[in-house]
Chemist: 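Dropping a structure here in structure tokens format, bear with me for questions.
The first residue of the sequence shown is numbered 1, and numbering continues consecutively from there.
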Amino acid sequence: MWKNDSLVGIQNLLLQDRLGKAVTMFENYLLTYPQRFDTGQLIDIKNNYQLLVDYWRKGFDDPRRNQLYKELSRRLFVLLNNVLLTDRMAHSSFFMQSYQHSSVFRRSFSISGLKASLESFVTNIAMLELEPEHLRQSRKSQLYAEHQQLQSNLFDYLITSEAMTDWQKDEFLDLLLSPTVDSFDQQLIVSALMLSAMMSFDMNKFHLLTSVYRLTTDEQLRQRALVGWVFAADADKASLYPEMHEIVSQLCSDEQCLNELTELQIQIVYCMQADNDSQTIKSEIMPDLIKGNNIRITRQGIVEMEEDKLEDILHPDSTERNMERMEASMRKMADMQRRGSDIYFAGFSQMKRFPFFSTASNWFLPFYPQHPGIAHIWNQSKGQRFLHLITSLGAFCDSDKYSFVLAFEQVLSHLPAQMLQMVENGEATPMAIGGEVPNEEQSKPAFMRRMYLQNLYRFFRLYSYRSEFINPFESSLAIIFSNKLFNGTPLEAHFPEVVSFLMKRKMQREAISVLQNISEQQRGFQYYLVMGQLRLAQKVNDGLSATACFKEALALEPDNEQALRGYARSLYSEQRYDEALDAFERLLSLKPDNRSIELNVAVCLIDLKRYDEALKLLYKLNYEEADDERVNRVLAWCLTLLGKYEQALKIYESLLASDKPSADDLLNNAFCLWFKKDVAGAENLFRRLLSQQADSEFSLENELLVVEHALLLEHGLTDIDIHLMLDLLAA
């Protein structure tokens, strides 16, 4: 992706309130390209800055000095962004093409003129009913073709537009809230503004998107505006535009907004994991779907197979079992779709190579059958009912609906004739895999938002010029809850829900970024519990220790089992065995007869050298379940430490019977033999251990001379014994 380090460096100076240095560096930069940039605005900013400095040096007490300084910084920031845009176009064939494509449109552009054109389209479409029937269709096609060209020009103009002025913001807001402008046009404009603001932050565009979100009564438009302002929100620019904090705080004072932001974050994650979900469908669901019916996919298309009479005789219940498996797979896919998984991404990703998708605006247009790119297919008589039903009932995003229509002519020729006839006669409904979605569900804000996000995901993954854009689905940007603008807002109350969701999906790094965005005064039980778990797993090592985190969590919920278990484990990892034992015994009082906790108690007793107490507990656990390897492993080691080598060796014989026994069992068995003075037997097991761990960072020398050195001396071995063993193994 294009980047101008010089201009970005000047931008960073502005964000650090270094206006004077930024002016000087920007002036030097523009002098390098005198033929490309007009320096008039910069000269005016420089003169005003110098005037401010002169008054300051003379000791004048100007109450507006700070405000003027900020205003000049903002003016320079806007000018800088416009220069950045020009430089981007000079180095990008895509943006240069977009700029040139809309050049004629740009020269005559005015927002009032645009609004008049958009309103005129709505009026003309309504007036078609008065046209003679034989002229209506051709006139309709002409109107939609002209309008689609306007949409494309407008989209290209907006994504290459400079920073918006205050009056432009107000006029666009009037247009976007107008009931006389088609909602589809308003939605396209909002998407273009989002892309523009993401590439080059513009406070007026950000403010416009938040205003549309607050004020519109059109739910589809409202959800696009929500996604737009969230993706455009750039906390790094808040030092220059502190009112961003105020705007976001006001939005977050509304409970509906908080719920929608939470849903949005979860939906974004589902989009990010489309590839994983596609693999699940391919490996776990599709085999049963194909196996469970009497159709086969061949080079000639979908072929209905005759029933296998012999199979029915030999396995009379196989058909029923196959059908049950198929229905279970259908339910599983429908459940994935309802939870938010993008179940169609893999299938439709191959259908984005049509020329239709070379036009950037088409990726963002709501689906409408009159689009000139698909109208001729939509209106054909053959298979029309099938096409209309599948696009209205399935949970397809707009982009996939366009793909399906474009591919329909090929699909139609491969459909079984009997299936198509039943649909056309109204005897059956073509249900999409994953289940049809009732109109009531499709009218919900969460569904609208999910479909729009899937549109965006396809654009940022599949569009041929996707590398020219900032991808909001990259992990560093997709976790919107880590945005510092949400720090200290009521949205923090929803952070634990999102953290829990991320943890379940094994996205620990992303969960940490959300946790670290919680302000200190809002750090409650969930924060300390999860942060303790992450620190215990060594996923993060800054701030409080794992033990301190769990202790804070227990102070808030003293009897919480998760927190108490984590506290005990963290104490044990710090070799604070007395305290760990107390914690495990307290946990055992809450969960009596829990084998895992009892085993942890026994391990603590062993480390405290209270072997007889540990042995008593371990014999009890072994009696209850003789084949529990976890118990047997600890029991064998306890017997070893007590000097009961023969009993221990019998257990080790069982533990080492597998093809690849654990490294701990090999090491402990070797120690047992060595303590028993069976040096040859210990040597053999050490060699086996070294062979098994050859590709790891395991160091037997470190184990014998550092980790277990005191234990070996305690059991009668000397440093000479250890060195002799190491020399023997090295020979």
Side-chain angles (χ1 to χ4, degrees), residues 4 7-23 25-26 41-42 44-45 48-49 52 64-85 88 158-159 161-173 176 190 192-215 225-254 257 261 470 472 477 480-491 517 519:
N4 187 313
L7 294 175
V8 171
I10 299 169
Q11 190 178 77
N12 290 335
L13 286 172
L14 279 177
L15 297 176
Q16 297 163 16
D17 268 343
R18 301 292 306 279
L19 175 58
K21 189 172 182 179
V23 168
M25 290 187 65
F26 196 22
Q41 292 185 60
L42 178 60
D44 185 57
I45 294 171
N48 279 279
Y49 173 72
L52 181 149
R64 295 189 66 246
R65 181 181 296 126
N66 290 346
Q67 181 183 345
L68 288 170
Y69 190 93
K70 283 293 184 185
E71 288 175 2
L72 290 173
S73 295
R74 291 185 182 201
R75 285 179 59 191
L76 187 62
F77 180 81
V78 169
L79 177 60
L80 176 63
N81 274 351
N82 290 340
V83 172
L84 275 163
L85 177 65
R88 178 193 292 270
L158 289 173
I159 65 173
S161 62
E162 293 187 341
M164 210 177 256
T165 63
D166 291 344
W167 67 266
Q168 286 176 323
K169 176 195 68 177
D170 294 338
E171 286 200 355
F172 260 115
L173 181 60
L176 290 170
V190 162
L193 290 172
M194 175 196 71
L195 287 179
S196 177
M198 284 172 59
M199 291 185 293
S200 178
F201 180 77
D202 182 341
M203 186 61 206
N204 276 328
K205 289 173 185 173
F206 174 77
H207 198 279
L208 176 58
L209 290 168
T210 58
S211 296
V212 173
Y213 172 68
R214 285 189 303 105
L215 300 173
L226 168 64
V227 176
W229 73 256
V230 168
F231 281 168
D234 189 342
D236 291 339
K237 307 304 185 293
S239 60
L240 203 57
Y241 296 99
E243 61 267 35
M244 288 176 68
H245 286 292
E246 184 180 346
I247 292 172
V248 172
S249 294
Q250 287 177 349
L251 290 169
C252 290
S253 65
D254 178 63
C257 177
L261 285 169
I470 295 171
L477 300 173
I480 60 174
F481 271 40
S482 64
N483 191 316
K484 296 301 180 186
L485 290 172
F486 293 124
N487 180 270
T489 70
L491 186 63
N517 200 29
S519 54

Chemist: Between atom CZ of Arg65 and atom NZ of Lys70, what is the distance when rounded to the nearest 0.5 Å?
Modeler: 15.0 Å
Chemist: Atom NE2 of His245 and atom OG1 of Thr489: how far apart are they, to the nearest 0.5 Å?
Modeler: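 Between atom NE2 of His245 and atom OG1 of Thr489 there are 11.0 Å.
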Chemist: Check whether Asn48 reaches the backbone of Leu72 with its side chain - one donor and one acceptor, N or O, closer than 3.5 Å.
Modeler: no
Chemist: Supply the atom-to-atom distance Thr210 OG1 to Leu208 CG, rounded to the nearest 0.5 angstrom.
Modeler: 7.5 Å
Chemist: Any chance you could measure Ile247, atom CD1, to Cys252, atom SG, to the nearest 0.5 Å?
Modeler: 12.0 Å
Chemist: Measure the CZ-CG distance between Phe77 and Asn82 for me, rounded to the nearest 0.5 Å.
Modeler: 10.0 Å
Chemist: Between Ser73 and Leu240, is a side-chain contact (heavy atoms from CB on, under 4.5 Å) present by the stated rule, with each step listed?
Modeler: CA-CA 8 Å; Ser73 295; Leu240 203 57; 3.7 Å; yes
Chemist: Yes or no on side-chain contact (heavy atoms from CB on, under 4.5 Å) for Leu251 and Cys257, after CA distance, side-chain angles and deciding distance?
Modeler: CA-CA 7 Å; Leu251 290 169; Cys257 177; 4.1 Å; yes
Chemist: Any side-chain donor paired with an acceptor under 3.5 Å for Lys205 and Ser161?
Modeler: yes
Chemist: Take a 6.0 Å sphere around NZ of Lys21 and say whether it holds more than 12 heavy atoms from other residues, nucleotides or ligands.
Modeler: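 Result for NZ/Lys21: open.
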Chemist: I need the minimum non-hydrogen distance between Ala163 and Asp202, along with the two atoms involved.
Modeler: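 Ala163 and Asp202 have their closest heavy atoms at CA-OD2, 3.1 Å.
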Chemist: Within the distance-only criterion (no hydrogens, no angle test), does the side chain of Ser211 pair as donor or acceptor with the backbone N or O of His207 below 3.5 angstrom?
Modeler: yes
Chemist: Looking at OH of Tyr49 and CZ of Arg75, how far apart are the two atoms once the value is rounded to the nearest 0.5 Å?
Modeler: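 Interatomic distance, Tyr49 OH to Arg75 CZ, rounded to 0.5 Å: 14.5 Å.
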Chemist: Would a distance-only check, ignoring hydrogens and angles, find a side-chain to backbone donor-acceptor pair under 3.5 Å from Gln168 to Thr165?
Modeler: yes
Chemist: Between Asn4 and Arg88 (side chain of the first, backbone of the second, donor and acceptor by atom type, cut-off under 3.5 Å), is there such a pair?
Modeler: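 Flag not set: sc Asn4 to bb Arg88 has no pair under 3.5 Å.
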Chemist: Could you tell me whether Arg18 atom CZ has more than 12 heavy atoms of other residues or ligands within 6.0 Å of it?
Modeler: no
Chemist: If you apply the rule side-chain contact (heavy atoms from CB on, under 4.5 Å), what do you find for Phe201 with Met244, and how did you get there?
Modeler: CA-CA 12 Å; Phe201 180 77; Met244 288 176 68; 3.5 Å; yes
Chemist: For the residue pair Phe481 and Phe486, categorise the inter-ring angle as parallel (less than 30°), tilted (30 to 60°) or perpendicular (more than 60°).
Modeler: tilted
Chemist: Quick one: does Tyr69's side chain have a donor or acceptor within less than 3.5 Å of a partner on Asp17's backbone?
Modeler: yes
Chemist: Mind running side-chain contact (heavy atoms from CB on, under 4.5 Å) on Leu176 and Val190 for me, showing each step along the way?
Modeler: CA-CA 8 Å; Leu176 290 170; Val190 162; 4.2 Å; yes
